[in-house]
Asker: 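My structure is below; once you've seen it, I'll send some questions.
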Amino acid sequence: MPNQNTKQGISSTHIAFIAMFATLAGVLYILDFALPFAFPGFLEFKLSDIPILIGSFTLGPVSGAVIVVVEILIKLVIKGSSTVFVGELSDLVTSCVFAVTAGIIYKKHRTFKGALVGMAIGTAAEVIIAMLFNWLVLVPFYVQVFFGGSWTPLIGMMKPLFPACTESTFYSFYLWASVLPFNLLRCLVAIGVTLLVYKRISRLINSVNRKIYGKPDYDEKKSKKTTIILVCAGVAIVALLVTFALLRYFVF
């Protein structure tokens, strides 16, 4: 694991890898796709949880949360929001619950068993939150705001997979036969890829840290100054992303 508690605080390497994971997550978040043969077409599958989970494991749960925030801001700047930010809020909450929960547990138990337990608990938490969020927030919001209180459009999108779906049975089909397996699959894909590549990426970050900070002529004051500059630059970039996202939605 990368040494995150060195005297210089958050290293420039750490910040650089956060930026790399966030950029990759943002690109994958934009490149979402439907699985209409298994789930309703409006449930869009995203692979962005992969770099988020890897980042949470290698860089820490706080960094994982930062990656999620930046990922969503990148998407909002490039594509905007078609859901008045409610869809993005759902992805923010579920991705953080999944990756950050797993990262916190792994941080306390740095073993393979700890990683598996963390990912299992993170997956369970993500699925539960996703179901609650869809039941209490997303579906009521879409019905009232986008469909004027009518359930017909949503039920029409469910009919190809669930012909027996009606307004009274909608949540039974949607939550238990769609949202639950959809989010479970999303988490399992991220877990599978993370288990395959995590150790290699962890060793890479360690190697880069040793090359930069393991030298005998290491200048601690210079490193702190560099870290402060990088943190300020990161905050400025996030502020710009927020500004452009809001401009894109409200102006353009």
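Side-chain atoms are counted along with the backbone in the values below, which use heavy atoms only and exclude waters and symmetry mates. These numbers were taken from a predicted model, which means no experiment stands behind them.
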Asker: Over all heavy atoms of both residues, which pair between L161 and P36 is shortest? Give the atoms and the distance, please.
Answerer: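 Taking L161 first and P36 second, the nearest heavy atoms are CD2-O, 3.6 Å.
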Asker: If you compare all heavy atoms of V137 against all heavy atoms of P140, which two are closest, and at what distance to 0.1 Å?
Answerer: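 Smallest interatomic distance, heavy atoms only, reads O-CD, 3.5 Å.
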Asker: With a 4.5 Å limit on heavy-atom distance, are the side chains of M119 and Y106 in contact?
Answerer: no
Asker: I need the minimum non-hydrogen distance between K75 and G80, along with the two atoms involved.
Answerer: NZ-O, 3.0 Å
Asker: What's the spacing between I105 CD1 and K107 NZ if we round to 0.5 Å?
Answerer: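 Answer for the CD1-NZ pair, I105 versus K107, is 13.5 Å.
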Asker: Please report the closest heavy-atom contact between V179 and L43, naming both atoms and the distance.
Answerer: N-CD1, 4.5 Å
Asker: For the side chain of T169 and the backbone of S172, is there at least one donor-acceptor N/O pair under 3.5 Å apart?
Answerer: no
Asker: What pairs of donor and acceptor atoms, side-chain ones from residues 18-33 against any protein atom, are under 3.5 angstrom apart with sequence neighbours left out?
Answerer:
unit_1	atom_1	unit_2	atom_2	d
T23	OG1	A19	O	2.8
Y29	OH	D91	OD2	2.6

Asker: When the ring planes of Y174 and F170 are compared, do they come out parallel, tilted or perpendicular, using 30° and 60° as the limits?
Answerer: parallel
Asker: Just how far is it from atom CZ of F42 to atom OG of S178, taken to the nearest 0.5 Å?
Answerer: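 Answer rounded to 0.5 Å: 7.0 Å.
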Asker: Which atom names give the shortest non-hydrogen contact between F133 and V86, and what distance separates them?
Answerer: CE2-O, 4.3 Å
Asker: With rounding to the nearest 0.5 angstrom, report the OG1 to CZ distance, T58 to R200.
Answerer: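 Between atom OG1 of T58 and atom CZ of R200 there are 14.5 Å.
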Asker: Rounded to the nearest 0.5 Å, how far apart are OG1 of T83 and CD of E88?
Answerer: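 T83 OG1 to E88 CD: 4.0 Å, rounded to 0.5 Å.
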Asker: Do L188 and V117 share a hydrophobic cluster, counting only Ile, Leu, Val, Met, Phe, Trp and Tyr and linking them when any side-chain heavy atoms are less than 4.5 Å apart?
Answerer: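 Looking at the clustering, V117 is in a separate group from L188.
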Asker: State the CD1-CD1 distance between I52 and I67, to the nearest 0.5 angstrom.
Answerer: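 Interatomic distance, I52 CD1 to I67 CD1, rounded to 0.5 Å: 7.5 Å.
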Asker: Can you hop from Y171 to L184 via hydrophobic side chains spaced under 4.5 Å?
Answerer: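 As far as the 4.5 Å side-chain criterion goes, L184 and Y171 are connected within one cluster.
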Asker: V97, I104: one ILVMFWY side-chain cluster at the under-4.5 Å cut-off?
Answerer: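 No, no single cluster joins them.
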Asker: Might you point out which heavy atoms bring M158 and P40 nearest each other, and give the distance in Å?
Answerer: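 Of all heavy-atom pairs spanning M158 and P40, the closest is SD-CG, 3.4 Å.
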Asker: Between I121 and L116, is there shared hydrophobic-cluster membership here, with clusters defined by ILVMFWY side-chain heavy atoms closer than 4.5 Å?
Answerer: no
Asker: Spell out, yes or no, whether V69 and F85 are grouped together once hydrophobic residues are joined by side-chain heavy atoms under 4.5 Å, including indirect joins.
Answerer: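 V69 and F85: one cluster.
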Asker: Is it the case that the side chain of S95 and the backbone of V68 share a donor-acceptor pair, with hydrogens and angles ignored and the cut-off at 3.5 Å?
Answerer: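 Checking the backbone N and O of V68 against the side chain of S95, no donor-acceptor pair under 3.5 Å is found.
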Asker: Any side-chain heavy-atom pair from W151 and V143 closer than 4.5 angstrom?
Answerer: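 In contact.
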Asker: Applying side-chain contact (heavy atoms from CB on, under 4.5 Å), name anything that partners A65, two or more places apart in sequence or on another chain.
Answerer: C96, V100
Asker: Enumerate the residue pairs fulfilling salt bridge (Lys or Arg N to Asp or Glu O under 4.0 Å) with a member in residues 124-149, sequence neighbours excluded, ordered by first and then second residue.
Answerer: none
Asker: Has K159 got more than 12 heavy atoms of other residues, nucleotides or ligands less than 6.0 Å from its NZ?
Answerer: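 Enclosed.
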Asker: Kindly state whether the ring of Y198 and the ring of F112 have centres lying under 6.0 angstrom apart.
Answerer: no
Asker: Output the distance between atom CZ (F146) and atom CZ (F141), rounded to the nearest 0.5 Å.
Answerer: 5.0 Å
